[in-house]
Amino acid sequence: MNLRSIDLNLLTAFDAVFTEGNMSRAAEKVGMSQPAMSLAISRLRHITNDNLFESTGRGVKSTVRAQQLAGPIRRALDLVSSALEQSVDFDPSVSTRTFNLVLADYGEAILVPPLMKLLHDLNSPIRINTVAMAGLDIEKEMHFGKVDFYAWVEPWKDLNFTSESIGVLKEVCLLRSDHPLVNDTLSTEQYASLKHLVLKLPDGQATSAIDRELWARGIKREHDMIIHTYFNAPLILACTDLICSMPLALAKHFTERYPLKIVPSPVARNLSAFLTWHNSMTDDPGHSWMRKTLAKISEDTLNT
């Protein structure tokens, strides 16, 4: 394929339509007329020999080929933007970048609200998308530029990625404030005897460190219920005698909104939280600004 025949504006048009799922909104987003947007997509259809987007009556649906192209095209646009920004400092008040974040429950509850407030205060056009972790091939998504950052309690071991600690999470127990069996402290034996609300680990993750610690002491706890997100925990804990282990910052977030209390965990661990990204983005000014911002928010949160 002769790249000289491809106008960069075609890729911008494709990215807008793929992101918005609607031709009119995409045209408005990039400042094009709807006929011009339709023409750009038509030219790309000819180049790729694929329909790319199919009308659904409520917008457009991406074809398989479009889904395959979306990540590389977004990454190419970011790289071009980065190259043009290299000579100047990144300015979040004018940047139109989109960042896709896989932050798990801690990040979505604790990091995202301050981040969005910061962007709001800056009147920034930066767009933030959070991506669910379940069923996601994170390595592939980051490799193809579909995910910018991944936050988890373990560093990424692949040399193509960089993991940076953004703080230490203290683990505590959360349960209803009038729990009939628990006052202000818990022994290991009492902790193990209770029925537990347990977070399902992401695919490929081993048995939880809590269970491994208990097994080392010859103790086993009962997984009475498994949930896929901590956001389900407060309402369940508030009306049962279940107990749930989670990071302190997240537990504090829930106690401010539900009749719950925090009790120190007898198997408490200090968990290092890591932010991971693909090495190709390390020197990108916008990417650097975002990871420093997330790290600062995390530090401020954990120190309060």
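These values consider heavy atoms only, across backbone and side chains, with no hydrogens, waters or symmetry-generated copies.
- A pairwise comparison of heavy atoms in Ala66 and Phe18 identifies O-CE1, 4.0 Å as the closest pair.
- Residues Leu44 and Leu69 are not in side-chain contact: their nearest non-hydrogen atoms beyond the backbone lie 4.5 Å or more apart.
- One finds the CG atom of Leu10 at 11.5 Å from the NE2 atom of His46 (value rounded to the nearest 0.5 Å).
- Among Leu260, Val182, Leu181, the single residue meeting the side chain to side chain contact (heavy atoms under 4.5 Å, CB included) criterion with Leu175 is Val182.
- One N or O on the side chain of Ser124 and one on the backbone of Pro92 form a donor-acceptor pair closer than 3.5 Å.
- Cluster annotation: Leu235 and Leu199 are assigned to the same hydrophobic cluster (Ile/Leu/Val/Met/Phe/Trp/Tyr, side-chain heavy-atom contacts under 4.5 Å, transitive).
- Contact between His179 and Leu194 at its shortest, heavy atoms only, is CE1-CD2, 4.2 Å.
- In this structure, Glu141 and Asn100 have side chains that are not in contact, with every pair of non-hydrogen atoms separated by 4.5 Å or more.
- In terms of the side chain to side chain donor-acceptor pair (under 3.5 Å) criterion, residue partners of Thr229 (sequence neighbours excluded) are, by chain and number, Asp105.
- Contact check for Tyr191 versus Leu214: side-chain heavy atoms found under the 4.5 Å cut-off.
- Criterion: ILVMFWY side-chain heavy atoms under 4.5 Å apart, direct or through other members. Under it, Val198 and Val267 are not part of a common hydrophobic cluster.
- Heavy-atom minimum distance, Thr130 versus Val112: CG2-CG2, 4.0 Å.
- More than 12 heavy atoms of other residues, nucleotides or ligands sit less than 6.0 Å from atom NZ of Lys261.
- The distance from the CG atom of Leu122 to the NZ atom of Lys117 is 10.0 Å, given to the nearest 0.5 Å.
- The same ILVMFWY cluster, assembled from side-chain heavy atoms under 4.5 Å apart, contains both Phe231 and Leu174.
- Inter-residue side-chain proximity for Trp152 and Ser163 is flagged as unmet; no heavy-atom pair is nearer than 4.5 Å.
- Taking OG1 of Thr162 as the start and CZ of Arg291 as the end, the distance is 7.5 Å to the nearest 0.5 Å.
- Heavy-atom neighbours of His228 NE2 from other residues, nucleotides or ligands within 6.0 Å: at or below the threshold of 12.
- Ile126 and Val147 fall within the same hydrophobic cluster, where Ile, Leu, Val, Met, Phe, Trp and Tyr residues are linked whenever their side-chain heavy atoms come under 4.5 Å apart, directly or through other members.
- The line from OG1 of Thr293 to CG of Leu111 is 11.5 Å long, rounded to the nearest 0.5 Å.
- Heavy atoms from other residues, nucleotides or ligands lying under 6.0 Å from CZ of Arg257 number more than 12.
- A side-chain donor-acceptor contact under 3.5 Å links Arg45 to the backbone of Asn51.
- Side-chain contact between Ser177 and Pro259 is present, with at least one heavy-atom pair separated by less than 4.5 Å.
- Closest approach of Leu242 and Leu237 over heavy atoms only: O-CD2, 3.4 Å.
- Checked for salt-bridge contact, Arg97 and Asp148 miss the test: no charged N lies under 4.0 Å from a carboxylate O.
- The only member of Trp156, Tyr150, Trp277 that meets ring pair (Phe, Tyr, Trp, His ring centres under 6.0 Å) when paired with Phe161 is Trp156.
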Determine all donor-acceptor pairs shorter than 3.5 Å in which one atom belongs to a side chain in residues 25-35; sequence neighbours excluded.
from  : atom 1 : to    : atom 2 : distance (Å)
Arg25 : NH2    : Glu20 : O      : 2.7
Ser33 : OG     : Ala36 : N      : 3.2
Gln34 : OE1    : Ser24 : OG     : 2.9
Gln34 : NE2    : Ser24 : OG     : 3.4

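- For the pairing with Phe149, the side chain to side chain contact (heavy atoms under 4.5 Å, CB included) check across Ile166, Val131, Val102, Leu101 returns one residue only, Leu101.
- Formation of a donor-acceptor pair under 3.5 Å by the Ser95 side chain with backbone atoms of Asp91 is not found in this model.
- Lys146 and Gly71 make their closest contact through CG-CA, 3.5 Å (heavy atoms, listed as atom of the first residue, atom of the second, distance).
- Atom OG1 in Thr63 sits 8.0 Å away from atom CD in Gln68 (nearest 0.5 Å).
- Taking 4.5 Å as the limit, some side-chain heavy atom of Leu186 sits within range of a side-chain heavy atom of Ile243.
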### Message
Evaluate Leu115 against Met290 for side chain to side chain contact (heavy atoms under 4.5 Å, CB included), listing each step before the verdict.
### Response
CA-CA 9 Å; Leu115 172 62; Met290 179 57 68; 4.0 Å; yes

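- In this structure a side-chain-to-backbone donor-acceptor pair under 3.5 Å is missing from Arg43 to Leu39.
- Around atom CG of Asp184, no more than 12 heavy atoms belonging to other residues, nucleotides or ligands sit under 6.0 Å away.
- Using a distance-only test at 3.5 Å, with no hydrogens or angles considered, no donor-acceptor pair links the side chain of Thr19 to the main chain of Ala16.
- For the pair Thr240 and Asp224, the minimum side-chain heavy-atom distance is 4.5 Å or more.
- The closest side-chain donor-acceptor pair between Arg74 and Thr98, if any, does not fall under 3.5 angstrom.
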### Query
Given Phe53 and Phe14, is the ring pair (Phe, Tyr, Trp, His ring centres under 6.0 Å) satisfied, shown in steps?
CA-CA 9 Å; Phe53 303 104; Phe14 172 92; 5.4 Å; yes

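- What you find for Ser245 and Tyr230 is that their closest heavy atoms are O-OH, 3.1 Å.
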### Message
Would Phe99 and Leu294 count as a side chain to side chain contact (heavy atoms under 4.5 Å, CB included) here? Give the steps.
### Response
CA-CA 12 Å; Phe99 292 95; Leu294 289 171; over 6 Å; no

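- One hydrophobic cluster, built from ILVMFWY side chains closer than 4.5 Å, holds both Ile128 and Ile110.
- In this structure, the side chain of Lys252 does not engage the main chain of Ile262 through any donor-acceptor pair within 3.5 Å.
- Heavy atoms from other residues, nucleotides or ligands lying under 6.0 Å from CG of Asp178 number more than 12.
- To the nearest 0.5 angstrom, Cys173 atom SG is 11.5 Å from Leu248 atom CG.
- Residue pairs meeting the salt bridge (Lys or Arg N to Asp or Glu O under 4.0 Å) criterion with at least one partner in residues 239-250, sequence neighbours excluded, are Arg176-Asp241.
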### Task
Test Ile210 against His196 for side chain to side chain contact (heavy atoms under 4.5 Å, CB included), laying out the working first.
CA-CA 12 Å; Ile210 292 177; His196 290 255; over 6 Å; no

